[in-house]
Number of protein chains: 2
Amino acid sequence: MGNGKPPHNATIRDVARLAGVSVATVSRAVNGHPSVSPDTRDRINRVAESLNYTPHAGARSLSIAKTQAIGVVLPDLFGEFFSELVRGLDRRAGELGYHLMLSSLHADLARVTRAVSTMRGRVDGVIIMAPQLPVKTLAATLPAGMPTLLLNSERNRTHPVISFDNQSGAVAVTRHLIGLGRRHIVHIAGPAGNLDARERADGYRRAMAEFAPDAPVTVVEGRFDDLSGAAALRDLLAAGTQVDAVFAANDMMAIGALTWARQNGLSVPGQIAVAGFDDIPLAHYLGLTTMRVHVAELGGRAVTRLAAMIDGDDAGKKLEIITPDLVIRESTRQ
Amino acid sequence: MGNGKPPHNATIRDVARLAGVSVATVSRAVNGHPSVSPDTRDRINRVAESLNYTPHAGARSLSIAKTQAIGVVLPDLFGEFFSELVRGLDRRAGELGYHLMLSSLHADLARVTRAVSTMRGRVDGVIIMAPQLPVKTLAATLPAGMPTLLLNSERNRTHPVISFDNQSGAVAVTRHLIGLGRRHIVHIAGPAGNLDARERADGYRRAMAEFAPDAPVTVVEGRFDDLSGAAALRDLLAAGTQVDAVFAANDMMAIGALTWARQNGLSVPGQIAVAGFDDIPLAHYLGLTTMRVHVAELGGRAVTRLAAMIDGDDAGKKLEIITPDLVIRESTRQ
DNA sequence: TTGTAGGCGTTATCAC
DNA sequence: GTGATAACGCCTACAA
């Protein structure tokens, strides 16, 4: 390990030579091809084992033009959202016999493009999550002929996309808060430019306009993390804004706001009801009302779909939408 | 995307032909080799762009015998531990110009071995976390000559390993609980066979023997998830065991126990103090005392070290230990 | 500065 | 059933 005895790894040729057969036969034996006599097969297996021979996957994929790997390019996602997504991707990939080539922490177009480019030839297709980039721009810079599936990108008829129904999810949450009798409902949105954030804010506005037309509409911007959620609520109150409910664009910000409120003597949900979006495990423990988005399922479906695209049987429809469910917990139970 | 115009991706040969030069020159131009006249370089770049040419990384790595990718094989880790680890790995990998080939959910030897085998030829080395497998067994089945770094495996002078100092961490937690005046301290251990679990249990026993020799020692087994933590505490109390403190082998189980206790009318830390291990973000929010293990740092260091091994300058020492810190929060603050 | 040609480790198409 | 041998796409001496 790290200093194995043979400075040079055994190749198919080494096995062939020692077994006294041709490389073609070794290849057949190793891949379980039927037309190899039991005798030769045994001999080859023995030699292979003694040499600790492992086929070179890179060479193999170059030869058969198939890597059995899929690339995954992600932005800098938060804790459990990230792990759930990757878990979903990895599980399904494993089931389908694919490896996962991961590249996260990619924000801007250049990084995403570079990540995908360097993957060409080592993956059969890629799954990209870049909610901050316009599909057109993105598509224009990707390697031609590489099956690509977009996660949580703008709906669009030209490229395969899977995403959450953010807007109707946000409508459901907001409507729930309105149903509680709250009127001073503020929305802590995600970063400007982020599509999910924008769609959720749109849902909030739509619901307010429809179900509480006379109530004030207040949107402030956060950065999807807990600190910015806390800061947003603090600033609003400091500015004298009346608040009896908070709908944050994701759970982490909601948790920041919720925690801050309690630490500053405000009762939740008594004085302020709080709701988030995502349903990360933390939400369960803190009793946070939220929209459950089934992140792992998203990952699994993405892999399934991409695999189909790779195999050439890309189902007709480009757009696939996953509907989130409202989960009511203590933070809005009065 | 998924249906690009050219059914066949452009290769270096296509570029060469259209630019009226040899493939060698294109290769040099693409790789920024100095000895290419500005004219030719320009022409080549233009053609490459027009063809949307992206080098085939697989072929390239076969040729230069370097993939710029590292494999990561993990067991089925829980939420934030997983995400923090992968984040740390990925960040450092990105900095060093490596891709990450991920394969998680691997429990038994066969799976781990297979995962690593199928990675040969597509990665330059692997990082393996398999706390349930003996190093000797594992090492025997790995492809020869593949740089390998083990995470949280048994200490050992023959193979490079990075791991937490589980035992002294457990001693610190237990000692803290004893210092609180608690005497009926139970330990909810991880799955038998898991090395981290075993070391932490050992630390608990050692601390009890040394600092509270007359107090009862109670160890029950959990599965590292919240439900088993809750069940463990419930069963202990149902059996009439006296309990005034719980030290769980990881945070998820501690959280399960803590939540169960509160839901069943037991005050924490009043009647029962609770402590965990890992310091996942959730612990912060629930005020759980725990050992902080800097998971992301572990990942980063692992990549750094493996990269060094790949480059052949493997530092002398095989074993690298990361010491965790005690973080005291409400769950043991009286 | 540029081209020729061999090789990286496998697979697959032919023959035999 | 087995063996040559030509790909796969790229890199790199070695020549020119």
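In what follows, chains are A, B, ... by sequence order, proteins preceding strands, each numbered from 1. Nothing here was measured: the structure is a model prediction, and the numbers come from that model.
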Inset, instruction - With sequence neighbours excluded, tell me which residues meet side chain to side chain donor-acceptor pair (under 3.5 Å) with T118(B). - result: H99(A)
Legend entry - salt bridge (charged side-chain N to carboxylate O under 4.0 Å, His left out) partners of D76(A), counting only residues at least two apart: R87(B)
Legend entry - N or O in side chain of T11(B) less than 4.0 angstrom from dG9(D) OP1/OP2: no
Inset, instruction - Quickly work out the K66(B) NZ to dC8(C) P distance and round it to whole Å. - result: 19 Å
Inset, instruction - Give the angle between the helix axes at the two ends of the helix from dT1(C)-dA16(D) to dC16(C)-dG1(D), taking five base pairs at each end and rounding to 10°. - result: 40°
Inset, instruction - Using the salt bridge (Lys or Arg N to Asp or Glu O under 4.0 Å) rule, collect all pairs that involve residues 100-116 of chain A, keeping only residues at least two apart or in two chains. - result: D108(A)-R111(A)
Legend entry - Whole-Å distance separating the NE2 atom of H33(A) from the C1' atom of dG1(D): 10 Å
Pairs under 3.5 Å (N/O, protein and nucleotides 3-6 of chain C):
| from | atom 1 | to | atom 2 | distance (Å) |
| --- | --- | --- | --- | --- |
| dG3(C) | OP2 | S22(B) | N | 2.9 |
| dG3(C) | OP2 | S22(B) | OG | 3.1 |
| dG3(C) | OP2 | T25(B) | OG1 | 2.7 |
| dG3(C) | N7 | R28(B) | NH2 | 2.8 |
| dG3(C) | O6 | R28(B) | NH1 | 3.2 |

Inset, instruction - Would you check if the side chain of H294(A) reaches a backbone N or O of E297(A) as a donor-acceptor pair within less than 3.5 Å? - result: no
Inset, instruction - To the nearest Å, give me how far apart CG (L62(B)) and P (dC10(D)) are. - result: 12 Å
Inset, instruction - Only pairs at least two apart or in different chains count here, so list each salt bridge (Lys or Arg N to Asp or Glu O under 4.0 Å) that has a residue in residues 118-135 of chain A. - result: K66(A)-D124(A)
List the atom pairs, with distances to 0.1 Å, where a side-chain N or O of residues 135-142 of chain B and a protein N or O form a donor-acceptor pair under 3.5 Å, not counting sequence neighbours.
| from | atom 1 | to | atom 2 | distance (Å) |
| --- | --- | --- | --- | --- |
| T141(B) | OG1 | T113(B) | OG1 | 3.1 |
| T141(B) | OG1 | L138(B) | O | 3.0 |

Inset, instruction - Check whether any side-chain N or O of R43(B) sits under 4.0 Å from OP1 or OP2 of dT1(C), and answer yes or no. - result: no
Legend entry - salt bridge (Lys or Arg N to Asp or Glu O under 4.0 Å) pairs, two or more places apart, involving residues 35-62 of chain B: none
Inset, instruction - Check whether any side-chain N or O of R60(B) sits under 4.0 Å from OP1 or OP2 of dC11(D), and answer yes or no. - result: yes
Inset, instruction - Could you check how far CG of N31(A) sits from C1' of dT13(C), rounded to whole Å? - result: 16 Å
Legend entry - Heavy-atom check, side chain of N194(B) versus side chain of F224(B), under 4.5 Å: yes
Inset, instruction - Not counting sequence neighbours, list each pair that qualifies as a salt bridge (Lys or Arg N to Asp or Glu O under 4.0 Å) and has a residue in residues 16-28 of chain A. - result: D14(A)-R17(A)
Inset, instruction - Respond yes when some side-chain nitrogen or oxygen of Y53(A) is under 4.0 Å from OP1 or OP2 of dT10(C), and no when none is. - result: yes
Legend entry - Atom pair distance, as rounded to whole Å: CZ in R120(B) and C1' in dT10(C): 11 Å
Inset, instruction - Identify, with sequence neighbours excluded, every residue that meets side chain to side chain donor-acceptor pair (under 3.5 Å) alongside R155(A). - result: S163(A), E199(A)
Legend entry - Within residues 34-41 of chain B, residues whose heavy atoms come under 4.0 Å of DNA chain D: none
Inset, instruction - To the nearest Å, give me how far apart CD1 (I44(A)) and C1' (dG1(D)) are. - result: 11 Å
Legend entry - Atom of I162(A), atom of A302(A) and distance for their closest heavy-atom approach: CD1-CA, 3.7 Å
Inset, instruction - State which residues pass side chain to side chain donor-acceptor pair (under 3.5 Å) with T40(B); sequence neighbours excluded, sorted by chain then number. - result: S37(B)
Inset, instruction - Return the nearest nucleotide to the side chain of I12(B); candidates are dC10(D), dT11(C), dT10(C). - result: dC10(D)
Legend entry - Rounded interatomic separation in angstrom, taking CD1 from I64(B) and P from dC11(D): 7 Å
